[in-house]
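To keep things clear, I will list the structure first and then write my remarks on it.
This is a predicted model, so every value here is computed, not measured.
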Amino acid sequence: MPREIPAQHFPDGFLWGCATSAYQIEGSPLADGAGASVWHRFSHTPGRVVANETGDIACDHYRRWESDIDLMQRLGLQAYRFSIAWARILPEGIGRVNPLGLGFYERLIDRLLAKGIQPTATLFHWDLPAALDDRGGWLNRDSADWFAEYADIVYRRFDDRIKLWATLNEPWVVSDNGYLHGTAAPGHRNIFEAPIATHNLMRAHGAAVQAYRATGRHQIGLVVNIEPKYAASQAADDLAATRRAEAQMNRQFIEPALLGRYPQEMREIFGDAWPDWPAADLQQIHQPIDFVGLNYYTRSVTKHDPQAWPLRATPVKQTQHPHTEMGWEVFPQGLTDTLLWIKDRYGNPPVYITENGAAFADPAQADGELLEDPLRVDYFRTHIRAVHDALRAGADVRGYFAWSMLDNFEWALGYSKRFGIIHVDYQTQKRTLKASATFFADVIASNGAVAF
Ligand code: FCB
């Protein structure tokens, strides 16, 4: 029996917060003895990022973290999801620990706690230390040990203050964009590498969970991006294409973590490039985790397309619905569907929505005190209701993090896409609240009631 969920608000204890990631907001990537990351190298390679923008300054959060926390407090955030830059802690990725790197996150965590905001940390949000890329990065089998070494250092220092940990953020992006299509760091385009990167990322996840069980006392999970796939028609080839797309994006990572196996479609998609993995590796990957972190933005309607490499599947634009600046369809029902899919397929694990949000154009300069962003407010309202629908249908959703606290460096799209509920003027670093920030503050204060 699903537990009773209040009709017009969220259950007691539901956790509300905002999310960011290190390379996207911090700036000062090499400060205080930090090593470079693959994203530093990628963004400093001309032609990789729109307008050749980099994370050198970003939101200057590395220096403005105190006033940024004051803003979080003003919004009444209960939790803040940030990521730790591996190369600040271990400039060479392994071996020598940099105390100044640990010091930055220690100050951040302590101040969050002092303001009553629960810190939640992601260990890897794509910024692999460049020194490890020089050793083959995620193609090197040792990467699982490297990650566990780093994770262990961070757990030992912060587990007394951090109660929710995530190992990897969206490994799909690293493998697919980073090694298959070359649109994200490290920028490879190689069908033989992507499966290896996938497998080593998942081995690293497993190793970091094992390390956590040895020393940690709280909760750890994996963050995946899921974009539900709906077939464009009931034709057999469209249905098969939809199944491949779903396997490649939505099941490639969650399935080995929760069920100890990869989808059988991986071989269909990658052919010879998808090896038979040792059973012992799958066992290591298949560690009990405490929650699934779900990043949800949009859905895709999929059709068969023999030209689309290597999936032979392509999305069909749904012109009847609005789209964000990313070209992503606004489809809140997909969030309900995804939460129920996780519930039914994987035995109703606890889920945190670790990211949800939308890029819409704001004026570059924000003059007034508050910037109106009605499309983003609407996006949040409808998606928060979609989460509530899933709760009422029995999904075990524990919290919701808006992406993002601040406008920031949107990876290969540079600063051209604004996801923040707080506007950032990149010339002056002035922060201006958007209406979505005050809406979200009201959501938190009313435990979701204002969304109805
Ligand atoms: C997700 C990433 C996050 C951000 C949003 C828009 O894929 O985890 O860093 O870029 O998309």
Quick one: sort the [X] and [Y] rings into parallel, tilted or perpendicular, breaks at 30° and 60°.
| X | Y | value |
| --- | --- | --- |
| Phe10 | Phe14 | tilted |
| Phe147 | Trp138 | perpendicular |
| Trp277 | Tyr262 | tilted |
| Trp16 | Phe440 | perpendicular |

Discussion item. Listing request: all salt bridge (Lys or Arg N to Asp or Glu O under 4.0 Å) pairs with a residue in residues 15-25, at least two apart in sequence or in separate chains.
Written reply: none
Worksheet item: What pairs meet the salt bridge (Lys or Arg N to Asp or Glu O under 4.0 Å) rule with one or both residues in residues 207-221, with sequence neighbours excluded?
Response: Arg213-Asp290
Item to complete: Please list all pairs passing the side chain to side chain donor-acceptor pair (under 3.5 Å) test where one or both residues lie in residues 121-133, with sequence neighbours left out.
Response: Arg81-Thr122, His125-Asn169
Practice prompt. Provide the full list of side chain to side chain donor-acceptor pair (under 3.5 Å) pairs with a residue in residues 178-189, sequence neighbours left out, each pair given once.
Written response: His188-Glu193
Item to complete: Please say which of His323, His321, His383 ends up in a ring-ring contact (aromatic ring centres under 6.0 Å, His included) with Phe331.
Response: His321
Worksheet item: So, Tyr296 side chain and Pro228 main chain: donor-acceptor pair closer than 3.5 Å or not?
Response: no
Discussion item. Is it the case that the side chain of Arg385 and the backbone of Ala451 share a donor-acceptor pair, with hydrogens and angles ignored and the cut-off at 3.5 Å?
Written reply: yes
Worksheet item: Which residues pass the ring pair (Phe, Tyr, Trp, His ring centres under 6.0 Å) test with His44, sequence neighbours left out?
Response: His40
Only pairs under 3.5 Å count here: list side-chain donor-acceptor contacts from residues 247-259, not counting sequence neighbours, and write none if there are none.
| unit_1 | atom_1 | unit_2 | atom_2 | d |
| --- | --- | --- | --- | --- |
| Gln248 | OE1 | Trp172 | NE1 | 3.0 |
| Gln248 | NE2 | Asp176 | OD1 | 2.8 |
| Asn250 | OD1 | Glu227 | N | 3.1 |
| Asn250 | ND2 | Glu227 | O | 2.8 |
| Arg251 | NE | Glu246 | OE1 | 2.8 |
| Arg251 | NH2 | Glu246 | OE1 | 3.3 |
| Arg251 | NH2 | Glu265 | OE2 | 3.4 |
| Gln252 | OE1 | Thr198 | OG1 | 2.7 |
| Gln252 | NE2 | Gln248 | O | 2.8 |
| Glu255 | OE1 | Arg345 | NE | 3.3 |
| Glu255 | OE1 | Arg345 | NH2 | 3.4 |
| Glu255 | OE1 | Tyr346 | OH | 2.3 |
| Glu255 | OE2 | Arg345 | NH2 | 2.8 |

